[in-house]
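Structure first, commentary second.
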Amino acid sequence: MKLVILGGGGFRVPLVYDAVANNALAAAERPAVDIREIVLHDASPERLDAIARVIAERSRQLDRPPAVRVTTDLRDALRGAHFVFAAVRVGGAEGRIADERVALDLGLLGQETIGPGGLAYALRTIPVMRQVAETIADVAPEAWTINFTNPAGIVTEVMRGVLGDRVVGICDTPIGLVRRVSRLLGVSLEHDRDRVAYDYVGLNHLGWLRSVTVDGVDRLPEILASDELLDHIEEARLIGEDWVRAVGALPNEYLYYYWKTDEAIAAISAAAQTRGQFLHAQQGRFYDDVACCASPLDSWRAALHEREATYMAEARGGAEERREEDVAGGGYQEVALRLMTALATGEPERMILDVGNGAPGGRIIPELPDDLVVEVGCVVDGDGVHPQPVAPVTLPQLAQMTAVRASERAIAQAALTGDRERAWEGFSIHPLVSSPRLGRQLVDGYAAAHPAIDRLLR
């Protein structure tokens with residue numbers, strides 16, 4: 001089978017390669033997707049070359065590694081694809097820095113996927129990913145597309161308008177949360193899958209783990225009741241043990257930005273550089289040096305460790321490093337691999353995915369439209385992705401989901417039509433903005449910062 005990685009020059013691509021290669025080695029022990037060829041596609045030949053060097057060194061350490069090819073031609077990359085993994089960063093790290101700074105200069109949250117920064121990212125990204133979806137539909141209509149391009153929820157929703165159920169959004173944060181909780185309860189999602197069930201519902205980067213059942217008993221209440229157990233849950237430490245106990249659920253870590261907005265803005269503003277500036281400098285050094293360093297693989301691993309250890313540093317006060325148990329919570333490459341394996345082999349797998357709300361048995365969340373993408377538990381097998389029923393959402397959960405997705409949908413409409421007033425509406429009604437005056441300033445600020453947005457909204 002052939003896997004195509006769009007954004008193949010991206011820094012974390014070697015993680016996907018390693019997951020696929022190791023999976024092939026384990027095929028004798030368990031069902032495995034048989035990926036024989038990996039094609040890396042990117043608009044940057046320089047970044048493709050850097051990542052290819054890392055992967056080439058890693059491949060020499062493996063028996064029968066998959067073949068790897070690089071290309072800047074999208075149609076050439078997609079021909080014959082069985083799976084397409086989309087992790088595209090439109091505008092690069094420079095675009096992310098502008099997304100952060102325009103918001104921060106107005107006293108608003110400047111973050112990659114949350115708030116106005118995330119909306120600006122969507123406004124830049126959606127036109128590109130719509131074209132990518134149309135090319136996939138033309139060149140590889142039978143391929144499964146796995147989208148990790150952020151903001152993953154609304155980008156997947158737009159791509160579904162072209163590809164339908166053949167595109168699925170993924171994120172590693174929900175399953176990382178479930179894994180941490182499962183470890184605390186002494187069970188494993190892999191080895192005890194018949195004993196463990198969970199109820200997770202929301203949007204991408206806006207969700208809640210509301211029950212974890214082991215042998216038919218919901219064990220989440222005992223975790224919420226224990227300060228000692230909650231201390232092992234990164235999300236509870238970030239957001240506050242008392243608050244997660246009050247709402248009766250363990251939230252996705254990104255809810256930190258909604259519930260501790262002032263603290264987040266203050267921490268980001270006080271830092272010497274934004275997250276985008278940090279990654280731009282750190283990864284820039286990696287890409288500049290990889291061609292001449294003795295071991296591209298060692299250089300990449302060192303940079304990866306620094307990146308993971310400093311993730312969401314603003315939520316931990318900057319000085320505190322992440323615990324090893326949190327860094328080891330999982331990764332998007334694992335989610336992608338498990339999804340591909342279930343689709344290719346037919347071996348059922350339970351996962352948390354971004355899928356359409358209009359499931360065959362009726363809407364997953366009755367209050368939301370059929371075509372809206374939600375993040376929920378699913379069973380994946382050879383027949384496709386099957387969203388599972390969830391318990392009714394609470395009014396506060398529904399309020400947060402509808403407010404955020406209404407904003408994102410207005411931005412998506414602006415991205416596809418160039419309607420400046422819809423962009424104004426999208427920025428203005430987001431719960432982290434809630435101001436037409438600031439919404440107007442954001443539109444003007446992002447148009448000035450991004451030539452692509454300026455051209456789009458004229």
Side-chain angles (χ1 to χ4, degrees), residues 3-20 33 35 38-43 47 51 74 77-78 81-93 95-96 111-114 118 121-122 124-126 128-130 132-133 136 143-160 162-163 165-177 202-207 252-254 279 283 304 307-308 311 329-343 349 351-356 373-376 378 380 385 408:
L3 167 65
V4 178
I5 303 178
L6 307 182
F11 180 76
R12 290 193 287 179
V13 165
L15 291 171
V16 182
Y17 172 82
D18 212 43
V20 170
V33 59
I35 300 294
I38 300 176
V39 177
L40 309 182
H41 171 272
D42 203 286
R47 291 171 69 89
I51 296 302
L74 180 60
L78 290 171
H82 296 88
F83 296 101
V84 179
F85 185 75
V88 180
R89 180 173 291 281
V90 177
R96 176 174 180 171
Q111 204 276 339
E112 179 188 19
T113 64
I114 304 299
Y121 192 11
R124 293 185 288 110
T125 301
I126 284 171
V128 174
M129 295 311 295
R130 173 79 181 201
V132 167
I136 294 171
W144 280 95
T145 298
I146 303 168
N147 180 55
F148 193 69
T149 300
N150 277 320
I154 191 61
V155 169
T156 301
E157 195 167 301
V158 170
M159 294 181 77
R160 278 179 58 86
V162 179
L163 298 173
D165 292 340
R166 304 289 293 189
V167 59
V168 181
I170 68 169
C171 184
D172 53 356
T173 56
I175 199 62
L177 172 57
L203 307 178
N204 181 245
H205 291 181
L206 184 75
N252 186 293
E253 62 195 349
Y254 284 91
L279 291 177
Q283 293 180 20
L304 176 68
R307 174 190 174 117
E308 296 299 325
Y311 174 68
Y332 76 91
Q333 72 280 0
E334 179 186 333
V335 181
L337 180 62
R338 289 169 56 210
L339 176 58
M340 290 189 294
T341 299
L343 290 168
E349 182 75 70
M351 311 180 67
I352 298 172
L353 301 169
D354 289 274
V355 295
V373 165
V374 295
E375 194 166 79
V376 295
C378 301
V380 185
V385 178
E408 291 178 331

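As the structure is a prediction and not an experimental result, all values here were calculated from the model.
- At least one side-chain heavy atom of Arg160 sits less than 4.5 Å from a side-chain heavy atom of Asp165.
- To the nearest 0.5 Å, atoms CZ (Arg47) and CG (Leu40) are separated by 12.5 Å.
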Check the pair Glu349, Leu339 against side-chain contact (heavy atoms from CB on, under 4.5 Å), reporting the backbone distance first and the verdict last. CA-CA 8 Å; Glu349 182 75 70; Leu339 176 58; over 6 Å; no
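- The line from CD1 of Ile136 to CG of Leu6 is 6.0 Å long, rounded to the nearest 0.5 Å.
- For the pair Arg338 and Thr341, the minimum side-chain heavy-atom distance is 4.5 Å or more.
- When every heavy atom of Ala336 is checked against every heavy atom of Ile146, the shortest pair comes out as O-CD1, 4.1 Å.
- The nearest pair of heavy atoms linking Ile154 to Ala122 is CG2-CB, 4.2 Å.
- Heavy atoms only, all atoms of each residue included: Phe148 and Arg12 are closest at CE2-NH2, 3.5 Å.
- For Arg124 (side chain) and Val90 (main-chain N/O), a donor-acceptor pair under 3.5 Å exists by modelled atom type.
- Nearest heavy atom pair, residue Gly7 against residue Val88, reads N-CG2, 4.1 Å.
- Taking each heavy atom of Val13 and Gly8 in turn, the nearest pair found is CG2-O, 3.6 Å.
- Side-chain atoms of Ile175 and Met351, non-hydrogen and from C-beta on, never get closer than 4.5 Å to each other.
- Results of the side chain to side chain donor-acceptor pair (under 3.5 Å) test with Thr156 over Asn147, Thr149, Thr145 single out Asn147 as the only residue that passes.
- Here the CD atom belonging to Glu408 is positioned 8.5 Å from the CG atom belonging to Leu206, to the nearest 0.5 angstrom.
- Taken from CG in Asp354 to CG in Asn204, the straight-line distance is 4.5 Å, to the nearest 0.5 Å.
- Between Met340 and Phe85 there is no side-chain heavy-atom pair separated by less than 4.5 Å.
- Side-chain contact between Phe83 and Leu343 is present, with heavy atoms from C-beta onward closer than 4.5 Å.
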CA sep, side-chain torsions, deciding dist, call: Leu279, Arg307, side-chain contact (heavy atoms from CB on, under 4.5 Å): CA-CA 8 Å; Leu279 291 177; Arg307 174 190 174 117; 4.0 Å; yes
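- At least one side-chain heavy atom of Arg89 sits less than 4.5 Å from a side-chain heavy atom of Tyr121.
- The CD atom of Glu334 sits 12.5 Å away from the CG atom of Asp18 when rounded to the nearest 0.5 Å.
- The shortest side-chain heavy-atom distance between His205 and Cys171 falls under the 4.5 Å cut-off.
- Scanning both residues, Leu337 and Ala19, for their nearest heavy atoms gives CD2-O, 3.4 Å.
- For the atom pair Leu15 CG and Tyr332 OH, the distance stands at 6.0 Å (nearest 0.5 Å).
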May I have the step-by-step check of side-chain contact (heavy atoms from CB on, under 4.5 Å) for Leu74 and His41, ending in yes or no? CA-CA 7 Å; Leu74 180 60; His41 171 272; 3.7 Å; yes
